[in-house]
Amino acid sequence: MVAALSVAIDSCFADNRPLEHCLLVGPPGVGKTEIASILGMELATSVHDSLGQSIRCHADLHALLLGAKDKHIVFIDEVHELPKVFQTALYLALDRHKLSVCGAKSVQSISLANFTLILGTTDEYSVLQPLRDRMKLVLRFDFLFCRGIGADRPAAGESPEMGTRRGTAGLIAQRSRGTPRLALRLLQACRRVCRAFGEQKLTLMHLEKACSLECLDILGLGRTEQKYLEILLEGASRLNVISSMLGLPSRTVSQVTEPFLIRAGLVIKDDQARRQLTALGHEHVKRNCQDVVQFVKE
């Protein structure tokens, strides 16, 4: 992805033209909004950003598009939340390079600047295909490996005088579920603990204390995920049973709680859609239980 963006940026500078329209696709927290901001800095241009759900009328869309000048970037995040009628108006505006504004007695056409449109989404197939097809660059984001997160702006969220002991950044990454946003959140929690102790360097002790305060285990699982695994320790179970025991709606469990547990190889579904622990899941639950026993003894 970095190589593709580098080529695209070099090409638009060589031709003295705006960057091609882009579609950024990926799960939450993996850096789509950050990339849009970085592109603005790399291209030395302004970024006009908005959320799909905040555009509720044609006037909102018109104001966003008309506010952009040549070579500016217009970034619409969560574009799948943009009503279909506005998605249609958006791709028609791109085709015609103008907006059609209906007045009291006539329709007025207003020319648009030659800007770059960047769309961010976690659900690309909820975006109209004609709009997707007009995006010349499609950049797909995914969850990162620990070393990738550890190398991703390791000092982000720290003040200039703060530092990190060797190895601590990697352990923070290990508890971040492959998501840079969660890594930064945990890093900031560690910094709070560090400063509360009047120290300057983040250490393993600060990380362990921060995780204890946040109720996070070694994989970054919170109490809901930990309780989910404990329920399955008794044997395979159906979603409605698990959700009842957790006190959460089934949709919340299936769309929020389960995805990382399945992706991490802790839980699988059998042929009857029952959830059950894998060998790795059993090992993780037992390790958590041992940690709790050791904590109580201490």
Side-chain angles (χ1 to χ4, degrees), residues 1-28 30-141:
M1 182 180 68
V2 174
L5 277 176
S6 179
V7 169
I9 291 172
D10 290 343
S11 173
C12 73
F13 273 123
D15 294 337
N16 192 27
R17 58 173 175 77
L19 183 70
E20 287 93 346
H21 302 313
C22 304
L23 178 64
L24 311 182
V25 180
V30 293
K32 298 186 296 297
T33 303
E34 187 71 11
I35 284 293
S37 177
I38 291 171
L39 283 174
M41 291 186 286
E42 288 292 324
L43 296 168
T45 191
S46 299
V47 178
H48 307 261
D49 62 314
S50 183
L51 290 171
Q53 56 265 45
S54 68
I55 299 175
R56 308 313 304 172
C57 63
H58 284 286
D60 293 335
L61 181 62
H62 293 172
L64 179 65
L65 300 183
L66 291 173
K69 307 299 182 184
D70 287 344
K71 297 186 179 180
H72 283 190
I73 291 174
V74 174
F75 176 52
I76 303 178
D77 201 4
E78 304 297 341
V79 69
H80 57 275
E81 298 284 353
L82 185 66
K84 303 300 183 184
V85 63
F86 300 139
Q87 292 188 35
T88 301
L90 186 55
Y91 75 72
L92 289 177
L94 294 180
D95 283 347
R96 301 168 181 170
H97 294 285
K98 61 178 64 175
L99 284 174
S100 296
V101 180
C102 296
K105 298 182 178 179
S106 63
V107 177
Q108 182 181 5
S109 292
I110 304 176
S111 297
L112 292 174
N114 194 14
F115 58 78
T116 296
L117 178 65
I118 300 180
L119 306 177
T121 181
T122 58
D123 184 6
E124 63 178 305
Y125 297 109
S126 292
V127 181
L128 292 177
Q129 184 170 346
L131 181 55
R132 283 188 279 124
D133 290 345
R134 283 159 175 79
M135 300 297 105
K136 305 301 182 184
L137 288 174
V138 178
L139 305 176
R140 301 188 184 280
F141 293 68

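- The nearest pair of heavy atoms linking Gly52 to Pro83 is O-CD, 4.3 Å.
- The shortest heavy-atom contact between Leu137 and Ala8 is CD1-CB, 3.7 Å.
- Annotation for Gly120 and Phe75: closest pair N-CE1, 3.8 Å, computed over non-hydrogen atoms.
- Not counting sequence neighbours, the partners of Asp70 by the side chain to side chain contact (heavy atoms under 4.5 Å, CB included) test are Ala113, Asn114.
- Between Asp133 and Tyr91, every side-chain heavy-atom pair lies at or beyond the 4.5 Å cut-off.
- Put simply, NZ on Lys32 and SG on Cys22 are 14.0 Å apart, with the number rounded to the nearest 0.5 Å.
- For Leu39, the side chain to side chain contact (heavy atoms under 4.5 Å, CB included) partners two or more places apart in sequence, or in a different chain, are Leu5, Ile9, Leu19, Ile35, Ile73, Ile118.
- Taking the salt bridge (charged side-chain N to carboxylate O under 4.0 Å, His left out) definition, one finds that Asp95 meets it with Arg134, sequence neighbours left out.
- For the ring-ring contact (aromatic ring centres under 6.0 Å, His included) test, residues two or more places apart in sequence or in another chain that qualify with His72 are His48.
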Exercise. Apply side-chain contact (heavy atoms from CB on, under 4.5 Å) to Leu90 and Leu128, showing your working.
Key: CA-CA 11 Å; Leu90 186 55; Leu128 292 177; over 6 Å; no
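- Phe86 pairs by the ring-ring contact (aromatic ring centres under 6.0 Å, His included) definition with His58, not counting sequence neighbours.
- The distance from the CG atom of Leu43 to the CZ atom of Phe13 is 5.0 Å, given to the nearest 0.5 Å.
- With sequence neighbours excluded, no residue forms a side chain to side chain donor-acceptor pair (under 3.5 Å) with Glu81.
- The CG atom of Leu61 sits 7.0 Å away from the CG atom of Leu99 when rounded to the nearest 0.5 Å.
- Between Met135 and Leu117, the closest side-chain pair of non-hydrogen atoms falls below 4.5 Å.
- Checked against side chain to side chain contact (heavy atoms under 4.5 Å, CB included), Thr121 has the following partners two or more places apart in sequence or in another chain: Leu23, Val25, Val79, His80, Asp123, Glu124, Val127.
- Here the CG-CG distance, from Leu112 to Leu94, works out to 8.0 Å after rounding to the nearest 0.5 Å.
- Checking side-chain atoms of Gln87 against main-chain N and O of Leu82 turns up a donor-acceptor pair under 3.5 Å.
- Residues satisfying the side chain to side chain donor-acceptor pair (under 3.5 Å) test with Thr122, not counting sequence neighbours, are none.
- Applying the salt bridge (Lys or Arg N to Asp or Glu O under 4.0 Å) rule to pairs touching residues 39-51 yields nothing, sequence neighbours excluded.
- For Arg17, the side chain to side chain donor-acceptor pair (under 3.5 Å) test picks out Ser11, Asp15, Glu20, with sequence neighbours left out.
- In this structure, Lys71 contributes its side chain and Thr116 its backbone to no donor-acceptor pair below 3.5 Å.
- In terms of the side chain to side chain donor-acceptor pair (under 3.5 Å) criterion, Arg132 has no residue partners (sequence neighbours excluded).
- No side-chain heavy atom of Asp77 sits under 4.5 Å from any side-chain heavy atom of Ser50.
- Checked against side chain to side chain contact (heavy atoms under 4.5 Å, CB included), Ser100 has the following partners two or more places apart in sequence or in another chain: Arg96, Val107, Ser109.
- Between Leu51 and Ile76 there is no side-chain heavy-atom pair separated by less than 4.5 Å.
- Around NZ of Lys84, the count of heavy atoms belonging to other residues, nucleotides or ligands within 6.0 Å exceeds 12.
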